[in-house]
Amino acid sequence: MGLDTRRLPKMLYGGDYNPEQWDASIWPEDMRLIELAGMNIATVNVFSWAMLQPNEDTYNFETLDRIMDMLQQNGIYACLATSTGAHPAWMARKYPEVTRVDFQGKKRKFGGRHNSCPNSPVYRTHSTRLASKLAERYKDHPALLLWHVSNEYSDHCYCDNCEAAFRVWLQQKYGTLDKLNEKWNTRFWGHTFYDWDEIVLPNALSEQWSEDRTCFQGISLDYNRFNSDGILDCYKLEYEALKAHTPDIPVTTNLMGTYKTLDYFKWAKHMDIISWDNYPGMDTPPSFTSMSHDLMRGLKGGAPFLLMEQTPSQQNWQAYNTLKRPGIMRLWSYQAIAHGSDSVMFFQLRRSAGACEKYHGALIEHVGHEHTRVFRECAQLGEELNRLDTKLLGSRLPSRIAIMYDWENRWAVELSSGPTVDLKYVNEIQHYYTALYEQGYQVDIISYEDDLTPYDIVLSPVMYMVKPGMTARIEQYVQDGGTFLTTFFSGIVDEHDLVTLGGYPGELRKLLGIWAEEIDALFPDQRNSIQMKETLGTLQGTYSCSLLCDLIHSEGADVLAEYGEDFYKGMPALTRNRFGKGEAWYVATKPDQAFLQGLMKSLCDAKGIQPLPGKASGVEVTRREIDGRRYLFVLNHNAQETTIDLGELTGTDLISGQTKAGQVNLPSYDVLIIEHFA
Ligand code: GLA
Ligand code: ZN
């Protein structure tokens, strides 16, 4: 079952809390400070496996009992973690199979965290058993709100257990070696396999000369799928163990936004609610964070999610751990809410005294009292969130525009040897996202499997891999009146990274009405230009383009712009194919933002999609809605006061209680949440 956030008494506010790392004499002071900050949830037991299980035969829950009781007595919910993100030292010594082998082929010893082999039977047995024991023990504990399985699942393992499991996974997938040889194209470089045991994992010892360059895309792609699935299996085993005792307590694990290694759309199917950890660099553009939130919201069809972690002030693991300037923590917290979060949570509540996170920001800093800038800012936010009450809980962000995103496609694009090392999938998604964001258009990010019919416009930048059934679905969508747009380097391969022969963009050729004959890669400082053949909305004249240029021929599509330079000057750069009642657009190169913003506006205008009110340069807008109530978020990311125009809209700002209308001066880093009615 999902966590229905509408039933929460309040927006969740709190964070990671590790009292077992401290003497218990300090706990009452923790409670006082956590309450003083207006918090109502603590994520506990994240790294306590060694405490809970001092050896193979002994479990000891005494300290955790005290922690859980203390939370309950203080009216604080527990987001209870299962502690399986770091195995105990005794386990690594007794069962060396639990530690991983890294990309270079080095066998790890005990150390660090997130270091357990996902295919180790010992790890799987012990982690599942621990989850089960925790659920059994705390199933009726009144503080228990939510399960938090492991922590930030990540990375890879290349050990012998994983290799054996990979062969089994492949046998299940392909059935016969003939099929596998065909799909991996193993006649290339004489790779034909005659026995399953000849297959080895693709790392630095075998096929891959770096983490994202491989001799065999087919092998590496399957390994990525296998690795994501194997780690997911560990999560699922714990999930089932928890559900056996607590069927009604929702289960999550903290994800990491655009993290590459795990196919989060697949993971989301097994999560009751999405939660994620947001650690932008202080110089990360707000639009990137905004896109990451939208991606996380998209994992479960737009349902509200939880911001599980962010730092109140600074990180420790960046090269330069800049402080969040006064107001930024508050602004970024509201940014999460603006995109669908029903929580604001931190890592962590008390700053640790030793080891590598002692310089990571926390609610309670080393000085130990509440008279700090960070504490004051957290307490102010706590007061504001309490005032919001339940109003925003469960509200959604309706959108008529979707951007498609796919992990396997990303793996394939970035494993691809050629046409350019600079092609990074997330950058291309972000480029399109930004063109909409900068104009105040609300966007959903959806998977390659999601239903397209709720949307007027669907963008799928760099849709390199076309999976089975996709073409028919997209064609139907356009046939029925939808606007679809894709770009250069699309329609090239199938799900095995085998090229769809007969001319690019492969299966999409009919829908797009074009043929891409060649693909030119530009040097980093090289540009071509896009010349509009006629005016299209605000687009006219010449724009710059970079990265890749597809050399295309129209096969029925209207040519709206063409290249301005080089031997392919005059060939199409932007096409539109009328298909049934809809249109399929092709952008043959990477245009500059000016072009893209003009193009997005013209697509939206054609569909009658209006931007949200209140948009200004450096100001972000979103809208959440529930039961006829609407909440316009206006976030000023500028370091100076900015005037915004609310147009016709009048409503009450939930934070200040004031009525807002017309022109409003919004102080630097300030936020409005304007309640109005549909
Ligand atoms: C991650 C982890 C936390 C902590 C923070 C520090 O998000 O989940 O345990 O290490 O990073 O930023
Ligand atoms: Zn392994």
Side-chain angles (χ1 to χ4, degrees), residues 15-18 20-21 42-49 79 81-87 92 95-103 105-108 112-124 127 148-169 200-203 205 223 226-231 233-234 252-257 259 261 275-282 292 296 306-319 321-322 324 329 332 345-352 355-363:
D16 274 41
Y17 175 46
N18 301 303
E20 73 286 353
Q21 297 175 15
T43 303
V44 291
N45 203 44
V46 183
F47 293 108
S48 311
W49 198 345
C79 169
T82 59
S83 270
T84 53
H87 53 242
Y95 301 105
E97 68 160 66
V98 300
T99 63
R100 290 183 176 182
V101 169
D102 71 12
F103 177 77
K106 288 198 301 293
K107 171 69 177 168
R108 310 290 310 195
R113 59 172 177 175
H114 306 148
N115 49 359
S116 313
C117 165
N119 288 295
S120 152
V122 171
Y123 173 75
R124 288 187 172 201
S127 55
H148 176 299
V149 177
S150 191
N151 189 68
E152 291 192 340
Y153 278 109
S154 51
D155 227 324
H156 307 84
C157 181
Y158 300 90
C159 77
D160 292 346
N161 270 331
C162 286
E163 200 156 75
F166 186 45
R167 292 172 188 145
V168 173
W169 187 92
V200 299
L201 295 175
N203 68 355
L205 301 178
Y223 170 72
F226 156 79
N227 182 63
S228 176
D229 285 359
I231 300 178
D233 284 341
C234 294
T252 192
T253 182
N254 46 343
L255 307 181
M256 297 183 282
Y259 180 69
T261 305
S275 65
W276 84 284
D277 301 346
N278 181 32
Y279 289 99
M282 300 309 153
S292 304
M296 295 293 94
L306 301 177
L307 175 64
M308 184 61 81
E309 291 182 27
Q310 63 170 347
T311 178
S313 56
Q314 71 193 139
Q315 292 135 13
N316 65 287
W317 43 266
Q318 305 264 12
N321 294 285
T322 313
K324 284 183 177 169
M329 180 279 290
W332 292 3
M345 293 163 72
F346 298 106
F347 182 87
Q348 61 177 335
L349 299 188
R350 186 182 276 279
R351 194 185 268 227
S352 57
C356 68
E357 289 182 342
K358 60 182 173 300
Y359 301 124
H360 193 286
L363 169 73

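Order of appearance sets the numbers: ligands from 1, and atoms from 1 within every ligand.
- Counted by atom type alone, Trp169 and Asp229 present one or more donor-acceptor pairs between their side chains at under 3.5 Å.
- Heavy-atom contacts of Glu152 reach the following atoms of ligand 1: 1 (C), 2 (C), 7 (O), 8 (O) (cutoff under 4.0 Å).
- Glu357 OE2, 2.2 Å is the protein heavy atom nearest to atom 10 (O) of ligand 1.
- The part of Asn151 lying near ligand 1 is the side chain, judged by heavy-atom distances below 4.0 Å.
- Of the listed residues (His148, Arg113, Met308), the one carrying the non-hydrogen atom nearest atom 9 (O) of ligand 1 is Arg113.
- Judged purely by distance below 3.5 Å, without hydrogens or angles, the side chains of Asn119 and Asn161 never pair a donor atom with an acceptor atom.
- Side-chain polar atoms of Glu309 and Tyr279 form a donor-acceptor pair below 3.5 angstrom.
- Less than 6.0 angstrom separates the ring centroid of Phe347 from the ring centroid of His360.
- Ligand 1 has a nitrogen or oxygen under 3.5 angstrom from a nitrogen or oxygen of Trp317.
- When hydrogens are left out, the protein atom nearest atom 6 (C) of ligand 1 is His360 NE2, 3.2 Å; that is the closest non-hydrogen contact.
- Thr84 and Ser127 form no side-chain donor-acceptor contact under 3.5 Å, judged by distance and modelled atom types alone.
- Among all protein heavy atoms, the one lying closest to atom 7 (O) of ligand 1 is Glu309 OE1, 2.4 Å.
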